[in-house]
Amino acid sequence: NSDLHIKCLLNIANLHAKKSDFKKSLSIYKKVFNIYKSNKNSNKIKFAQMLVSYANYQQLNGMFSEAEESFSYSEKLMKELGDLDENESIFRKQSIFQTKMGNYQIAENKIRKAIQISSKIYGKNHTIYASNLYALSSILRLQNKFKEAKKMSNEAYLIYKSKEKSNRIAYFLALSNLASQYFSEGNYEKAKSLKETALNGIYQIKGELGVNYISILESIGRINTKLGYYEIAIKQLKKGASLKLNLFGEKSNSYASSLSNLGSFYYSTGDFIKSFQYHQKSLKIREDLFGRNHFNIISSYSNLGSIYNELGNYDLSEYYLKKCIQLRKKYLGVNHSLYAYSLNALGELYISLNRYDEAELLINSALKINRKIYDQSHPYYASKLLTLGILNKRKMNYDKSIYYIEQVKNIYKKKYGTKHLYYVNTISEISEIFLMQEKYRKAYSLLKKIVTLNNRNNDNSHPWKYKVDLNFK
């Protein structure tokens, strides 16, 4: 029961964790927990600290309800002791846990408590206070509270910038967080530039070791996918997946996220079979970890639902997309952008099935939600307009269809440039409408323009390009 014996056990547990053997770590922490609990004279502060680490390992092993109990127990002990310093740490770690569980409002409340305590103990120019602000900004973005998130990101960044020389890693992480803010606003080039600066800075200090390097590398891969820089994007995403496999193992949620990134990449390039394979692997890992109704499983359902639509398996597509809507409504509410995304995806499926009235209702609902959240020049808003354009094309409301798609074309031109596949696809959609209207000169003019743009791009395997070439012929 001695402090030295406990310290040795915890050191062994942490060594196992560094080797990604979280089960062994958990079993040792369980021993320590029992020692503390059976000893009435044990140090309550150390017990509370240990409980936070114990909760983290329970979480890594998929024991989420047990982790929540450990966090609550540690919070109760610290309240009894009135130790503000340790309470700040516990609230911060609880916030991280609740964010991973999808309980964003609880996570926000916890991090606000940590901010309040860190301000009182350290002052508003300290890096601990700044790190809590930057954690709050991330949680606010997940709730679509972009204005307040931007304010928090900027305040945290200025604190870190003032201390750049003394804490370089923290400065580069703050820069990465600021980049995430630009990404949420649809400013992908600016986000990419800041992320690359952050990645290079961390690489010079720590090399490719650690979660921070991998996380930023994969985020740049996702941005490059958005921007259509596919050749570099796939290299970054595959490298990130390989590093995570070595660090966390093949049954971890972190590795499942990397597989999901790869699945989304192949979906963007039109390789739906490969996309399905990666998303299916990701889903299997997550189902084993979380079960079938957990927050962390929703994105897998969403991805598979969209892929099944592309592959023509409409029954399975509807099943997954409806499941996704149900769970996002439960966890995020009906005013969240991801709920809107799910409505739009189901609307796209119903267009494929000629269920136009149902599709229109869903797409308009999604557009209404997005109109409240995003600026009307944001790509996410544009994607809903595009779906309305395609719906009206199928209903042969051609003028209305062109009206919507022209708006999308202008947004994509501004955000991505004229060589990007998203922009090219809008011209392709308009040219198809001209073909249907027998306006052949107009169609020819647009198709010729697209073929020229396509020839500048080395990747000629995308289905959109095949469709354009066929229409042109």
Side-chain angles (χ1 to χ4, degrees), residues 1-101 110-111 113-114 117-118 120-122 126-129 131-132 135 166-167 169-170 173 205-207 209-214 244 246-249 251-254:
N1 292 343
S2 70
D3 285 345
L4 180 60
H5 179 67
I6 289 169
K7 190 175 180 181
C8 290
L9 285 172
L10 293 177
N11 283 338
I12 294 167
N14 292 332
L15 281 169
H16 283 302
K18 285 193 175 185
K19 294 191 288 182
S20 300
D21 193 344
F22 300 118
K23 285 188 177 178
K24 278 191 180 177
S25 294
L26 181 67
S27 67
I28 295 167
Y29 265 96
K30 193 171 183 180
K31 283 181 186 177
V32 177
F33 173 80
N34 290 329
I35 291 168
Y36 272 123
K37 201 168 183 184
S38 63
N39 187 356
K40 291 180 182 179
N41 298 318
S42 62
N43 185 320
K44 286 188 177 179
I45 292 177
K46 287 185 177 177
F47 188 19
Q49 291 170 334
M50 187 281 305
L51 280 167
V52 172
S53 299
Y54 187 34
N56 282 328
Y57 289 122
Q58 287 173 317
Q59 181 185 326
L60 286 165
N61 282 276
M63 299 165 63
F64 299 102
S65 57
E66 292 89 341
E68 197 150 9
E69 284 175 22
S70 296
F71 273 124
S72 298
Y73 196 178
S74 66
E75 190 179 336
K76 182 185 171 187
L77 284 172
M78 295 317 300
K79 277 182 180 176
E80 288 173 7
L81 294 165
D83 192 310
L84 279 177
D85 194 352
E86 287 305 323
N87 263 335
E88 183 276 329
S89 171
I90 288 165
F91 283 132
R92 177 164 28 90
K93 287 174 180 174
Q94 277 189 323
S95 175
I96 294 166
F97 171 73
Q98 295 294 351
T99 302
K100 288 179 179 175
M101 297 293 287
K110 297 292 183 188
I111 201 64
K113 285 181 181 178
I117 295 168
S118 59
K120 188 173 181 179
I121 297 171
Y122 307 109
H126 197 281
T127 53
I128 290 177
Y129 174 75
S131 72
N132 287 329
S166 59
N167 195 340
I169 288 282
L173 291 176
I205 297 165
K206 296 189 77 174
L209 299 171
V211 176
N212 294 328
Y213 177 85
I214 303 169
K244 275 191 182 174
N246 292 333
L247 190 62
F248 298 110
K251 295 181 179 179
S252 66
N253 187 41
S254 292

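We're numbering straight along the sequence, starting at 1. Scope of the values below: all heavy atoms of this structure, side chains included, with no hydrogens, waters or symmetry mates.
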Start with the C-alpha distance between V32 and F47, add both sets of side-chain angles, then the distance that settles side chain to side chain contact (heavy atoms under 4.5 Å, CB included), and finish with yes or no. CA-CA 9 Å; V32 177; F47 188 19; over 6 Å; no
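- Nearest heavy-atom pair, H16 versus S25, reported as atom, atom and distance to 0.1 Å: CB-OG, 3.4 Å.
- For the pair I128 and I121, the minimum side-chain heavy-atom distance is 4.5 Å or more.
- Listed for the E88 side chain is no donor-acceptor partner under 3.5 Å among the backbone atoms of I117.
- Using modelled atom types, one side-chain atom of T99 and one backbone atom of S95 make a donor-acceptor pair closer than 3.5 Å.
- With sequence neighbours left out, N253 forms a side-chain hydrogen bond (donor to acceptor under 3.5 Å, both in side chains) with R286.
- The minimum heavy-atom distance between F71 and K93, with the atom names listed, is CZ-O, 3.7 Å.
- Residues meeting the side-chain hydrogen bond (donor to acceptor under 3.5 Å, both in side chains) test with S118, sequence neighbours left out: N132.
- Between atom CG of residue N14 and atom CG of residue L9 there is a gap of 11.0 Å, rounded to the nearest 0.5 Å.
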Apply the test side chain to side chain contact (heavy atoms under 4.5 Å, CB included) to residues M50 and Y36: give CA-CA distance (whole Å), side-chain angles for both, the deciding distance (0.1 Å), then the verdict. CA-CA 9 Å; M50 187 281 305; Y36 272 123; 4.0 Å; yes
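- With sequence neighbours left out, the side-chain hydrogen bond (donor to acceptor under 3.5 Å, both in side chains) criterion links E68 to Q98.
- In this structure, NZ in K110 is found 13.5 Å from CD1 in I96, a value given to the nearest 0.5 Å.
- Contact record, K244 with I214: CG-CG2, 3.6 Å, taken as the closest heavy-atom pair.
- Taking each heavy atom of S70 and Y54 in turn, the nearest pair found is OG-CD2, 3.7 Å.
- In this structure, the separation between CD1 on I205 and CD1 on I169 is 4.0 Å, given to the nearest 0.5 Å.
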